[in-house]
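Before any comments, here is the structure.
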Amino acid sequence: MFAESVPVVEVGSVPPDGYLLDVREDDEWAAGHAPDAVHVPLSRLAELAGEVPQDRQVYVVCRVGGRSAQAVEALNRAGWQAANVAGGMQAWALSGRAMVSETGEAPRVA
């Protein structure tokens with residue numbers, strides 16, 4: 001599975017101005033995401049990693065935490081400071097943190 005060394009942070013510990021990287025697929029992103037998150041699907045992370053800042057903490061989120069753990073492991077191996085957001089967007093939504101959608105419908109975790 002994943003290395004036990006993947007840093008994890010609780011949803012409530014992600015600062016409002018933190019760099020939140022959402023690695024879910026396009027349809028999941030469109031259904032609902034954090035307002036200031038940056039979207040890079042996990043399948044394109046290697047190609048687009050240069051767009052992710054290396055000079056600050058990166059908080060990585062997916063639906064429940066599996067894909068984001070993979071992303072955190074890869075980013076940290078390559079020199080970033082990244083942490084997995086525990087429980088992913090499901091925990092984000094349950095905690096009442098802000099969400100927006102790209103569909104014109106109420107945001108939801110898809």
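The figures that follow rest on heavy atoms only: side chains count, while hydrogens, waters and symmetry mates do not.
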Quiz item: Are Met99 and Val85 linked, directly or through other ILVMFWY residues, by side chains that come within less than 4.5 angstrom of each other?
Solution: yes

Exercise. Check whether Leu48 and Trp80 end up in the same hydrophobic cluster, where Ile, Leu, Val, Met, Phe, Trp and Tyr are linked by side-chain heavy atoms less than 4.5 Å apart.
Key: yes

Quiz item: Would His33 and His39 satisfy side chain to side chain contact (heavy atoms under 4.5 Å, CB included), going step by step from the backbone distance to the final call?
Solution: CA-CA 9 Å; His33 58 85; His39 182 225; over 6 Å; no

Just by modelled atom types, is the [Y] backbone N or O under 3.5 Å from a matching donor or acceptor in the [X] side chain?
| X | Y | result |
| --- | --- | --- |
| Arg63 | Ala110 | yes |
| Glu28 | Glu25 | yes |
| Asp22 | Ala34 | no |
| Arg67 | Leu42 | no |

Atom pair [atom1] ([X]) and [atom2] ([Y]), whose distance is rounded to the nearest 0.5 Å:
| X | Y | atom1 | atom2 | result |
| --- | --- | --- | --- | --- |
| Arg24 | Ser43 | CZ | OG | 13.5 Å |
| Gln70 | Leu75 | CD | CG | 11.5 Å |
| Arg108 | Thr103 | CZ | OG1 | 7.5 Å |
| Arg56 | Asp17 | CZ | CG | 6.5 Å |
| Leu45 | Ser68 | CG | OG | 11.5 Å |

Looking at side-chain heavy atoms only, is the closest gap between [X] and [Y] below 4.5 Å?
| X | Y | result |
| --- | --- | --- |
| Tyr59 | Pro15 | yes |
| Val72 | Val8 | no |
| Val9 | Val14 | yes |

Quiz item: How far apart are the C-alpha atoms of Gln81 and Val58, what are their side-chain angles, what is the distance that settles it, and do they pass the side chain to side chain contact (heavy atoms under 4.5 Å, CB included) test?
Solution: CA-CA 6 Å; Gln81 262 191 302; Val58 176; over 6 Å; no

So which atom in [X] and which in [Y] form the shortest heavy-atom distance, rounded to 0.1 Å?
| X | Y | value |
| --- | --- | --- |
| Ala93 | Val109 | CB-CG2, 3.8 Å |
| Gly32 | Pro107 | CA-CB, 4.1 Å |
| Gln57 | Tyr19 | O-CB, 3.7 Å |
| Ala82 | Pro7 | O-CG, 3.5 Å |

Exercise. Assess whether side chain to side chain contact (heavy atoms under 4.5 Å, CB included) is satisfied between Val11 and Val61, documenting all intermediate values.
Key: CA-CA 10 Å; Val11 167; Val61 68; over 6 Å; no

Quiz item: When you look at Val23 and Val60, which way does the side chain to side chain contact (heavy atoms under 4.5 Å, CB included) test go after all the steps?
Solution: CA-CA 7 Å; Val23 296; Val60 187; 3.8 Å; yes

Quiz item: Does NZ or CZ of Arg97 come closer than 6.0 Å to the centre of the six-membered ring of Trp92, within 45° of the ring's axis?
Solution: yes

